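Report on the structure given below.
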Amino acid sequence: HLDVYKRQLLKLLLRFYENYKGDIQIGNTNFKSISPKYWRGKCGAVMQDSYIFNDSIRKNIMVTDDKIDVSRLAHACTMANIQSFIDSLPLGFNTKLGAEGTGISGGQRQRICIARAVYKNPEFILLDEATNSLDATNEKMILENLEEFYKDKTVVVVAHRLSTVKKADKIIVLENGHIVEEGNDESLSLKKGKYYELVKNQLELGNA
């Protein structure tokens, strides 16, 4: 059921539907009073199934038709650890991608989507298993790169891999759609509850 909850949460946070109970506040502003178009302009999202357009790599990262900011584009690709892959292609940034990312691996697709979010440089970032297709080396490097990018931004991360949320200011543990624990990594680990068990199980699987 977790995938269903995730999809509902992220669609709600991107203003795709308003069928929820209670209130969501952005500062002192009710979430429902914010224009969906304006809100999405403030957000960057990397979903588990983020869309790849049938267009060049450059267009997939920039999305808009604005003038190319070369240094910003290079920075986004460095953050997403995708620059060397693009440089290895005969047409580089002009390489055309097939619909839904045919012709590239899941990890490459995910890194292009991360570069897209970094290039946009939004105030709010929503990540849904944004590194689940990456190997451990790539994931570690990208997470370290993104630490600087996250400064002064609000980041919501939905993840099974607890390594991606370890440094979060607040971790919320869901079970069957209900919040069972919340706190940071240190406080939840000391509590030795559900979060502790999840971390312990993942470490044991990783060492198996």
Side-chain angles (χ1 to χ4, degrees), residues 1-14 16 43-53 57 60-61 63 76-86 97-120 122 124-150 153-177 179-181 184-185 188-189 194-208:
H1 297 296
L2 181 59
D3 286 337
V4 175
Y5 295 134
K6 283 194 307 175
R7 284 193 294 270
Q8 288 177 338
L9 171 64
L10 292 167
K11 283 181 179 179
L12 186 154
L13 291 176
L14 286 169
F16 283 110
C43 294
V46 182
M47 303 300 186
Q48 203 167 353
D49 54 354
S50 285
Y51 195 75
I52 291 289
F53 306 104
I57 290 176
N60 265 282
I61 295 172
V63 180
C77 292
T78 300
M79 289 290 101
N81 200 29
I82 192 71
Q83 185 69 56
S84 60
F85 165 70
I86 296 170
L97 301 178
E100 298 184 15
T102 52
I104 57 174
S105 70
Q108 289 159 352
R109 169 182 171 150
Q110 210 157 35
R111 283 183 280 159
I112 286 170
C113 292
I114 292 169
R116 180 191 297 165
V118 174
Y119 185 87
K120 186 176 182 180
F124 301 89
I125 304 165
L126 309 178
L127 305 175
D128 172 21
E129 305 288 357
T131 58
N132 71 326
S133 295
L134 304 179
D135 58 61
T137 303
N138 263 309
E139 181 183 51
K140 184 175 183 293
M141 188 177 297
I142 290 170
L143 290 176
E144 288 174 355
N145 289 344
L146 290 176
E147 277 186 48
E148 183 67 26
F149 176 67
Y150 288 160
K153 293 176 172 60
T154 299
V155 185
V156 177
V157 180
V158 180
H160 287 94
R161 285 190 191 177
L162 299 178
S163 57
T164 61
V165 299
K166 189 178 175 75
K167 295 186 179 180
D169 296 315
K170 178 179 278 191
I171 298 168
I172 296 173
V173 184
L174 290 175
E175 187 172 39
N176 298 321
I179 295 173
V180 292
E181 285 181 335
N184 60 22
D185 176 75
L188 291 175
S189 296
K194 187 68 180 177
Y195 176 80
Y196 174 82
E197 287 298 322
L198 289 169
V199 172
K200 183 181 173 186
N201 290 340
Q202 286 197 7
L203 288 173
E204 287 174 354
L205 283 172
N207 293 327

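Quick note: residue numbers are just sequence positions, from 1. As the structure is a prediction and not an experimental result, all values here were calculated from the model.
- Taking the side chain as every heavy atom from C-beta outward, F85 and Q108 approach each other to under 4.5 Å.
- Across all non-hydrogen atoms, the minimal contact from K167 to E147 is NZ-OE2, 2.8 Å.
- When side chains are defined from C-beta on, N184 does not count as touching K170, because their heavy atoms never get closer than 4.5 Å.
- We find the CD1-CD1 distance between I52 and I112 to be 5.0 Å, quoted to the nearest 0.5 Å.
- Residues D185 and I171 come closest through the heavy atom pair N-CD1, 3.6 Å.
- In summary, the side chains of N132 and E139 do not present any donor paired with an acceptor at a separation below 3.5 Å, with no hydrogens or angles considered.
- With a 4.5 Å cut-off on side-chain heavy atoms, N145 and F149 do not count as touching.
- Within a 6.0 Å radius of NZ in K153, other residues, nucleotides and ligands contribute more than 12 heavy atoms.
- Looking at F53 and L97, their side chains never come closer than 4.5 Å, going by heavy atoms from C-beta outward.
- Distance OG1/T154 to CD1/I125: 9.0 Å, rounded to 0.5 Å.
- To the nearest 0.5 Å, atoms CD (Q83) and CD1 (I86) are separated by 5.5 Å.
- The two residues A117 and V46 have their closest heavy-atom pair at CB-CG2, 3.8 Å.
- Annotation for A76 and A115: closest pair CB-O, 3.4 Å, computed over non-hydrogen atoms.
- Taken from CD in E129 to OG1 in T164, the straight-line distance is 7.0 Å, to the nearest 0.5 Å.
- Contact of the M47 side chain with the L14 side chain is registered, since non-hydrogen atoms from C-beta on lie closer than 4.5 Å.
- Between V155 and V157, some side-chain heavy-atom pair lies under the 4.5 Å cut-off.
- Closest non-hydrogen pair, I114 versus A130, comes out as CD1-O, 3.6 Å.
- Between the CD atom of Q202 and the CD atom of E197 there is a distance of 12.5 Å, given to the nearest 0.5 Å.
- Checked by atom type and distance alone, the side chain of Q110 pairs as donor or acceptor with a backbone atom of S133 at under 3.5 Å.
- Under the 3.5 Å distance criterion, the side-chain polar atoms of K194 are left unmatched by any main-chain donor or acceptor of V173.
- I142 and A80 get closest at one heavy-atom pair: CD1-O, 3.3 Å.
- Within the 4.5 Å cutoff, the side chain of V63 has no heavy atoms near those of the K120 side chain.
- Here the CG atom belonging to N81 is positioned 5.0 Å from the CG atom belonging to N138, to the nearest 0.5 angstrom.
- Side-chain atoms of V158 and L10, non-hydrogen and from C-beta on, do get closer than 4.5 Å to each other.
- In the model, R116 has a side-chain atom that pairs as donor or acceptor with a side-chain atom of N60 under 3.5 Å.
- No more than 12 heavy atoms of other residues, nucleotides or ligands sit less than 6.0 Å from atom CG of D169.
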